[in-house]
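Worksheet: one structure, shown below.
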Amino acid sequence: QVQLVESGGGSVQAGGSLRLSCAASGGTISTYYMAWFRQAPGKEREFRAGISATGGSTDYEDSVKGRFTISRDIDKNTVYLQMNSLKPEDTAVYYCAARRLNIRSRVAAQYFYWGQGTQVTVSS
């Protein structure tokens, strides 16, 4: 059973940066499509970025293109989300997710494994 643990969240001012990490244990995620989602209070979980098993293909929601970068370290069984030029509207709990099929998806229901989330707060 794969377990995902996010870290790296925190509070920053607008324009600042954070790097989120998602460490997997209990199994390898090397063949899984991985993604980051966010969820703000009272809102549905929203796709932010995804990355293929080899890291050769990435996908970004339009509002984070050019600001966020998703990457993965297969040896460390870890996925990262570098977030730059943060805005107050980026404030949310950020979740790491793993899809057992290596097929791009922006739909939360298609992801099988989830982390517990890490809070990101951006102040103006």
Side-chain angles (χ1 to χ4, degrees):
Q1 183 78 359
V2 170
Q3 294 181 336
L4 304 175
V5 178
E6 301 97 335
S7 62
S11 297
V12 296
Q13 291 190 328
S17 298
L18 286 172
R19 187 193 193 205
L20 306 183
S21 297
C22 171
S25 62
T28 179
I29 56 171
S30 64
T31 61
Y32 295 174
Y33 192 88
M34 301 295 296
W36 287 94
F37 288 76
R38 72 169 184 189
Q39 188 165 21
K43 295 189 176 182
E44 294 186 352
R45 203 162 289 192
E46 300 176 309
F47 172 84
R48 299 291 89 187
I51 188 166
S52 63
T54 63
S57 176
T58 56
D59 181 31
Y60 296 96
E61 195 276 333
D62 285 348
S63 68
V64 308
K65 284 181 181 177
R67 300 190 299 124
F68 290 10
T69 302
I70 188 171
S71 60
R72 65 193 301 165
D73 186 325
I74 294 175
D75 291 337
K76 293 184 178 179
N77 220 23
T78 299
V79 178
Y80 304 96
L81 185 67
Q82 178 68 42
M83 304 188 296
N84 298 328
S85 302
L86 282 162
K87 304 175 181 179
E89 51 264 44
D90 293 319
T91 295
V93 177
Y94 281 71
Y95 295 91
C96 174
R99 185 169 193 224
R100 292 188 289 189
L101 294 175
N102 184 29
I103 299 174
R104 185 180 75 173
S105 173
R106 297 187 175 193
V107 179
Q110 294 182 347
Y111 286 78
F112 190 80
Y113 298 110
W114 290 87
Q116 81 291 347
T118 185
Q119 177 70 46
V120 171
T121 303
V122 184
S123 59
S124 57

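F47 meets the ring pair (Phe, Tyr, Trp, His ring centres under 6.0 Å) test with F37; sequence neighbours excluded. Contacts of S30 classified as side-chain hydrogen bond (donor to acceptor under 3.5 Å, both in side chains), with partners at least two apart in sequence or in another chain: T28. Looking at residues two or more places apart in sequence or on another chain, you find no side-chain hydrogen bond (donor to acceptor under 3.5 Å, both in side chains) involving S123. Residues meeting the side-chain contact (heavy atoms from CB on, under 4.5 Å) test with V2, sequence neighbours left out: L4, A24, I29, Y32, Y113.
Listed here is the closest heavy atom pair of S63 and R48: OG-NH1, 3.3 Å. Closest of all the heavy-atom pairs between S17 and S85 is OG-N, 4.3 Å. Y94 approaches L81 most closely through the heavy-atom pair CD2-CD2, 4.3 Å. The two residues A23 and T78 make their nearest non-hydrogen contact at CA-OG1, 3.9 Å.
Annotation: salt bridge (charged side-chain N to carboxylate O under 4.0 Å, His left out) contacts involving residues 68-89, sequence neighbours excluded, are absent.
For the pair R45 and Y95, the cation-pi test (distance below 6.0 Å, angle within 45°) is passed.
No donor-acceptor pair closer than 3.5 Å links the side chain of Q82 to the backbone N or O of R19. Without hydrogens or angle criteria, Q116 side chain to V5 main chain gives no donor-acceptor distance under 3.5 Å. Although no hydrogens or angles enter the test, the distance criterion places a donor-acceptor pair under 3.5 Å between the side chain of N77 and the main chain of G27. A donor-acceptor pair is defined here as one N or O able to donate and one able to accept, closer than 3.5 Å; no such pair exists between the side chain of T121 and the backbone of T91.
Shown here is R104, whose CZ atom has no more than 12 heavy atoms of other residues, nucleotides or ligands within 6.0 Å.
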*asked:* Would M83 and L20 count as a side chain to side chain contact (heavy atoms under 4.5 Å, CB included) here? Give the steps.
replied: CA-CA 8 Å; M83 304 188 296; L20 306 183; 3.8 Å; yes
*Evaluate the side chain to side chain contact (heavy atoms under 4.5 Å, CB included) criterion for residues C96 and W36: first the C-alpha distance (whole Å), next the side-chain angles of each, then the deciding distance (0.1 Å), finally the verdict.*
CA-CA 5 Å; C96 174; W36 287 94; 4.0 Å; yes
*Please lay out, stage by stage, how N102 and S52 fare under the test side chain to side chain contact (heavy atoms under 4.5 Å, CB included).*
CA-CA 6 Å; N102 184 29; S52 63; 3.8 Å; yes
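The shortest side-chain heavy-atom distance between R106 and D59 falls under the 4.5 Å cut-off. Side chains of Y33 and S105 form no contact here, defined as non-hydrogen atoms less than 4.5 Å apart. R38 places a side-chain heavy atom less than 4.5 Å from the side chain of D90.
Transitive grouping of hydrophobic side chains (ILVMFWY, heavy atoms separated by less than 4.5 Å) keeps M34 and V93 in distinct clusters. Clustering ILVMFWY residues whenever any of their side-chain heavy atoms sit less than 4.5 angstrom apart, transitively, puts Y60 in the very cluster that holds L18. When the side chains of ILVMFWY residues are joined at heavy-atom separations under 4.5 Å, either directly or via intervening members, I51 and Y111 end up in two distinct hydrophobic clusters.
Its side chain outside the 4.5 Å cluster rule for every partner, Y80 clusters with none of the Ile, Leu, Val, Met, Phe, Trp and Tyr residues.
The distance from atom CD1 of I70 to atom OG of S57, rounded to the nearest 0.5 Å, is 10.5 Å.
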